2 protein chains.
Amino acid sequence: MTKRTLAAAVPMRFEDFKKEGAFSIADFCRDFYRANPDSIQVKKEAVAIKNLTTIILTTLKLSNEKGFHSMSLRDLSKASGLSMGALYLYFSSKDDILRIIQHYGHLAVGNILVKYVHQEGDPWMKLCGFIRVHLFLSELMKQWFYFFFMETKHLAKEYRKIPIKSELATEKICVDILNAGIRTGQFNAVDPGLTGAAVKALLQDWYLKPWKYKQRRITVDKYAQHVIGLVESYVTKQGASNDNDR
Amino acid sequence: MTKRTLAAAVPMRFEDFKKEGAFSIADFCRDFYRANPDSIQVKKEAVAIKNLTTIILTTLKLSNEKGFHSMSLRDLSKASGLSMGALYLYFSSKDDILRIIQHYGHLAVGNILVKYVHQEGDPWMKLCGFIRVHLFLSELMKQWFYFFFMETKHLAKEYRKIPIKSELATEKICVDILNAGIRTGQFNAVDPGLTGAAVKALLQDWYLKPWKYKQRRITVDKYAQHVIGLVESYVTKQGASNDNDR
DNA sequence: GTCTATATAACGATAGAC
DNA sequence: GTCTATCGTTATATAGAC
């Protein structure tokens with residue numbers, strides 16, 4: 001059995017990535033439930049996971065439509081089918097919902113990224129893998145990624161550093177790859193920090209402006225190809241082959 | 001007198017751009033005041049402009065800190081030094097403040113961009129000029145640009161298209177330049193739409209993540225240079241000179 | 001005294017919390 | 001369902017300019 005990897009000659013496509021089930025909302029809720037036996041007042045695990053899943057998905061949906069702060073708990077109650085009292089069996093406050101999605105969400109994303117990126121050896125292959133897995137994961141968890149970015153400022157001050165740390169940690173994966181490639185002479189002597197930030201910006205556009213790419217019928221595979229082509233012409237020495245943009 | 005332009009051999013720097021006074025909040029408020037003699041109940045222009053300026057700048061400040069929706073009119077009243085009653089002499093509702101900043105702000109930005117970009121003739125010089133003026137303007141109006149992006153979803157549905165139209169109009173300036181360069185053979189045969197979107201994403205990162213570039217002491221001039229270098233290696237045929245990244 | 005600008009305070013609705 | 005706090009809004013009182 002030959003397995004497609006993220007940066008092979010025939011690269012992994014989003015459909016392949018999707019099948020691997022890198023992220024499962026049910027697993028996410030199960031982990032969260034078991035890690036917080038005290039604060040969650042529901043005893044039956046199956047019920048708890050089902051309702052936690054509903055609450056989180058509904059929160060993401062409503063928040064992405066009109067903002068977390070504009071979403072009232074009555075909105076959430078109505079859309080999720082749970083009573084207001086039931087919501088308080090799972091979360092101790094509205095801000096608690098926000099904090100948990102941000103905190104545990106960033107943890108989950110970080111783990112998945114690290115797990116996938118360390119597979120390949122060659123810096124350029126690694127970089128392609130990083131770009132693809134980041135894009136594929138943000139496509140799979142589009143609502144989460146959008147939420148992470150847009151709702152940062154509604155976190156209490158003591159939790160504001162969570163998204164920033166996460167952003168920098170992800171960027172560091174990219175910067176480390178760039179440094180490795182520069183060290184081996186495979187990459188040009190670009191500024192690793194600024195280039196890493198640029199790659200992150202390109203990756204972010206995918207989930208910050210879904211309307212744009214949907215409207216133009218750009219698939220995530222095509223977008224990945226374009227980002228890779230752009231980065232390739234800048235960082236690799238063979239430079240702008242430019243024949244891979246379709 | 002030799003005037004530095006946006007994309008000359010010795011390019012305009014941000015300090016030069018700043019001195020030109022491309023945007024003036026006082027002019028902005030004066031225009032808005034004169035265009036809305038009915039809805040603004042204050043008769044003395046000087047007083048009106050002063051207070052309008054205060055209201056708008058305070059709204060931008062508070063919204064960028066905690067979000068427009070989270071900012072109460074009591075917060076705004078306190079921070080601006082105006083009473084709640086006074087606020088209603090200038091705006092008919094809280095949503096009105098949001099709509100006016102978005103609507104008239106996007107108009108002002110669009111006019112400035114168009115005015116500056118049509119100065120240069122050569123496609124590559126034009127592209128450099130576009131990148132610089134966009135970055136410089138977003139630096140000058142950082143709070144506005146951040147507000148534009150973050151507060152879109154709090155607009156009433158009928159006004160949601162304003163920021164989208166603005167984004168696409170700005171992107172079109174870039175795409176038109178790319179097409180011109182491709183037509184003359186000066187540029188590679190890149191995908192103009194995707195490349196325009198990529199340039200926009202890079203420009204946006206400057207004002208969406210000010211903390212990152214501040215922390216690393218990256219000036220807007222240096223950032224512009226980096227974006228231009230990256231784009232140059234991708235779109236121009238001489239390709240990655242890569243000696244201009246410092 | 002008159003007109004304009006500002007301040008105060010209270011209303012009804014709706015928020016989060018329990 | 002209830003409670004309390006706070007929201008946007010507005011009616012009304014006040015202060016200031018000429």
Side-chain angles (χ1 to χ4, degrees), chain A residues 36 38-43 51-52 54-56 58-60 62-63 65-102 151 153-157 159, chain B residues 26 29-30 32-34 36-60 62-63 65-102 151 153-157 159:
Chain A
N36 296 276
D38 299 331
S39 62
I40 301 177
Q41 304 172 45
V42 175
K43 297 302 166 194
N51 287 336
L52 272 173
T54 304
I55 294 171
I56 290 177
T58 309
T59 300
L60 289 173
L62 294 181
S63 297
E65 282 169 9
K66 50 194 225 167
F68 179 78
H69 205 92
S70 302
M71 173 198 78
S72 71
L73 289 184
R74 283 167 181 82
D75 292 335
L76 179 59
S77 165
K78 197 175 190 176
S80 67
L82 290 160
S83 70
M84 302 245 331
L87 294 178
Y88 277 85
L89 296 177
Y90 298 91
F91 297 97
S92 64
S93 71
K94 190 187 176 191
D95 284 340
D96 205 35
I97 304 179
L98 173 61
R99 202 185 66 244
I100 272 135
I101 294 178
Q102 286 268 5
E151 307 298 349
K153 61 159 62 69
H154 295 123
L155 280 166
K157 277 164 203 69
Y159 299 107
Chain B
C29 290
R30 183 176 302 111
F32 171 64
Y33 174 75
R34 292 184 181 169
N36 297 275
D38 298 331
S39 63
I40 301 177
Q41 303 173 46
V42 174
K43 300 300 170 193
K44 289 192 198 167
E45 183 172 289
V47 175
I49 290 169
K50 181 174 78 66
N51 287 336
L52 271 174
T53 301
T54 303
I55 294 171
I56 290 176
L57 290 181
T58 309
T59 301
L60 289 173
L62 295 182
S63 297
E65 283 168 9
K66 51 194 223 165
F68 179 79
H69 203 92
S70 302
M71 173 196 78
S72 72
L73 290 185
R74 285 166 181 83
D75 293 334
L76 179 58
S77 166
K78 198 174 191 177
S80 67
L82 288 161
S83 68
M84 298 203 34
L87 294 178
Y88 276 84
L89 295 177
Y90 299 91
F91 297 97
S92 65
S93 71
K94 189 188 176 190
D95 284 341
D96 205 35
I97 305 179
L98 173 61
R99 203 185 64 244
I100 271 131
I101 294 179
Q102 286 268 7
E151 306 299 347
K153 61 160 60 70
H154 295 123
L155 280 166
K157 278 163 202 69
Y159 299 107

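So you know, we letter chains A, B, ... as the sequences are listed, proteins then strands, and number each from 1. Since the structure is predicted, the reported quantities are computational estimates derived from the model, not experimental observations.
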Quiz prompt | Interatomic distance, B:L82 CG vs C:dT4 P [rounded to whole Å] | solution = 19 Å
Exercise. Would you indicate, yes or no, if C:dA7 has its OP1 or OP2 atom less than 4.0 angstrom from a side-chain nitrogen or oxygen of B:S83?
Key: yes
Quiz item: For the pair made of NZ in B:K78 and P in C:dA7, what is the distance, rounded to whole Å?
Solution: 15 Å
Self-check item: Contact summary for A:S70 and B:H154, nearest pair of heavy atoms
Solution: OG-CD2, 3.3 Å
Self-check item: Residue mapping more 5' on DNA chain D - nearest nucleotide basis, A:R74 or B:K94
Solution: A:R74
Practice problem: May I ask you to check if B:K94 and B:Y88 form a cation-pi contact, with NZ or CZ under 6.0 angstrom from the six-membered ring centre and within 45° of the axis? | Solution: no
Self-check item: DNA chain C: 5'-proximal contact among A:S92 and B:G81 (nearest heavy atom)
Solution: B:G81
Quiz item: Taking for each residue the nucleotide of DNA chain D with the nearest heavy atom, is it B:D75 or B:K44 whose nucleotide lies nearer the 5' end?
Solution: B:D75
Practice problem: Please report, rounded to the nearest Å, how far the P atom of D:dC7 is from the CG atom of B:L62. | Solution: 13 Å
Quiz item: A:M71 has an atom CE; how far is it from atom P of C:dA15, in whole Å?
Solution: 11 Å
Quiz item: What is the distance from NE2 of A:H154 to P of C:dG16, rounded to the nearest Å?
Solution: 12 Å
Quiz item: Is B:S72 near enough to D:dT6 that one of its side-chain N or O atoms lies under 4.0 angstrom from OP1 or OP2?
Solution: no
Self-check item: Verdict with reasoning, B:N51 to B:T54, per side chain to side chain donor-acceptor pair (under 3.5 Å)
Solution: CA-CA 5 Å; B:N51 287 336; B:T54 303; 4.9 Å; no
Quiz prompt | Sub-4.5 Å side-chain heavy-atom contact between B:Y33 and B:E45 | solution = yes
Quiz item: Considering heavy-atom distances to DNA chain C, does B:V42 or A:S70 have its closest nucleotide positioned more toward the 5' end?
Solution: B:V42
Practice problem: Describe the nucleic acid contact of A:L73 in one word from base, sugar-phosphate, nothing, applying a heavy-atom distance below 4.0 Å. | Solution: sugar-phosphate
Exercise. Measure the distance from CG on B:L89 to C1' on C:dC3 and round it to the nearest whole Å.
Key: 14 Å
Quiz item: Does B:K43 place a side-chain N or O at less than 4.0 Å from the phosphate oxygens OP1/OP2 of C:dT4?
Solution: no
Practice problem: Quick one: label A:F91 by what it contacts on the DNA or RNA (base, sugar-phosphate, nothing), any heavy atom closer than 4.0 Å. | Solution: nothing
Quiz item: Between C:dG16 atom P and A:L76 atom CG, what is the distance in whole Å?
Solution: 10 Å
Quiz item: A:D75 and A:K66: which non-hydrogen atoms are nearest, and at how many Å?
Solution: OD2-NZ, 3.1 Å
Quiz prompt | Length of the CG-C1' vector between A:L98 and C:dG16, whole Å | solution = 14 Å
Quiz item: B:Y88 side chain N/O closer than 4.0 Å to the phosphate oxygens (OP1, OP2) of D:dT9?
Solution: yes
